[in-house]
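One structure below.
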Amino acid sequence: MTEKQALARAFFSRETRLVARALLGKRLVRLEKGGSRLAGLITEIEAYVGSDDLGCHARAGRTARNASMWGPPGYAYVYFTYGMHWMLNIVTEQDGFPAAVLIRAIKPLEGLEVMQARRSGRPRHALTDGPAKLCQALNIDRRMDGYDICQTKASLFIENEPEIPETLVTKTPRVGLNHVPEPWKSIPWRYFVHPSKLLNPNEEEQP
DNA sequence: AGCACGATTAACT
DNA sequence: GTTAATCGTGCTC
């Protein structure tokens, strides 16, 4: 198997919607103590752009919670919500500008047994098909907030994969912003590709 | 110190 | 389709 290249900081320093679109199909990788490698291809992602974006946590200014989003690109912004769930974002654009992409779903390919153990034995299709689900499966919580996913020997990073053709990409309004005013509520900054459309030639669990 | 709420999920009718 | 779960966070007093 050829070694894939981890995405460098320059990838994330670009405009947030461009980064979100470009991350579709890329491989989110989690390395754990003990050597297990968990990974999947990104199938759903949203852009949150600046304090003018009233759907973005940065709308109320910089706080202890959202501080990571104001930092340099290529770092994780992980936050807690609904009293029980963690969400994984990757910070985008330049240092000082608050923006990030929320990873909402991946197609699980590596480390399925570990993910299943963390997800109460749920079937493969339900392991990582939601933003809190993938954090649970990949053991991501507040310890990963502010983590540099571009550093060498990172335990959380994103590997390059072939670009997804535009014809396979669906754009919709972002999910869960029901009390956010227009135009932010309906602006189509969610990017989605159906998992079955992603090429993965029978790739399975590590041998 | 108290309180309303949330970029969700799972279970239920 | 509806709703309970569950608590860190940010805001007000």
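Per chain, numbering begins at 1; letters A, B, ... match sequence-line order.
- Residues A/Ser51 and A/Arg59 bring no donor and acceptor atom of their side chains to less than 3.5 Å of each other.
- Geometrically, A/Arg174 engages A/Tyr48 in a cation-pi contact, judged by NZ or CZ lying under 6.0 Å from the ring centre and within 45° of the ring axis.
- Evaluation of the side-chain contact (heavy atoms from CB on, under 4.5 Å) rule for A/Asp145 yields A/Ser68, A/Tyr77, A/Val78 as partners, not counting sequence neighbours.
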For DNA chain B, what dot-bracket results from Watson-Crick or G-U pairs at under 3.5 Å, with [ ] for crossers and | for inter-strand partners?
||||||.|||||.

Pair A/Glu110, A/Leu38 - check side chain to side chain contact (heavy atoms under 4.5 Å, CB included), show working.
CA-CA 5 Å; A/Glu110 304 174 51; A/Leu38 316 179; 5.9 Å; no

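- Figure legend: A/Arg14 and A/Phe12 shown without cation-pi pairing, the cationic atom not lying both under 6.0 angstrom from the six-membered ring centre and within 45 degrees of its axis.
- When each of A/Leu88, A/Asn139, A/Asp148, A/Ile90 is checked for a side-chain contact (heavy atoms from CB on, under 4.5 Å) with A/Leu156, only A/Leu88 meets the rule.
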Across nucleotides 4-13 of chain B, 5' to 3', mark each nucleotide with B, S or - according to how protein heavy atoms within less than 4.0 Å reach it.
--BBBSSS--

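- The ring of A/His57 has its center closer than 6.0 angstrom to the ring center of A/Tyr79.
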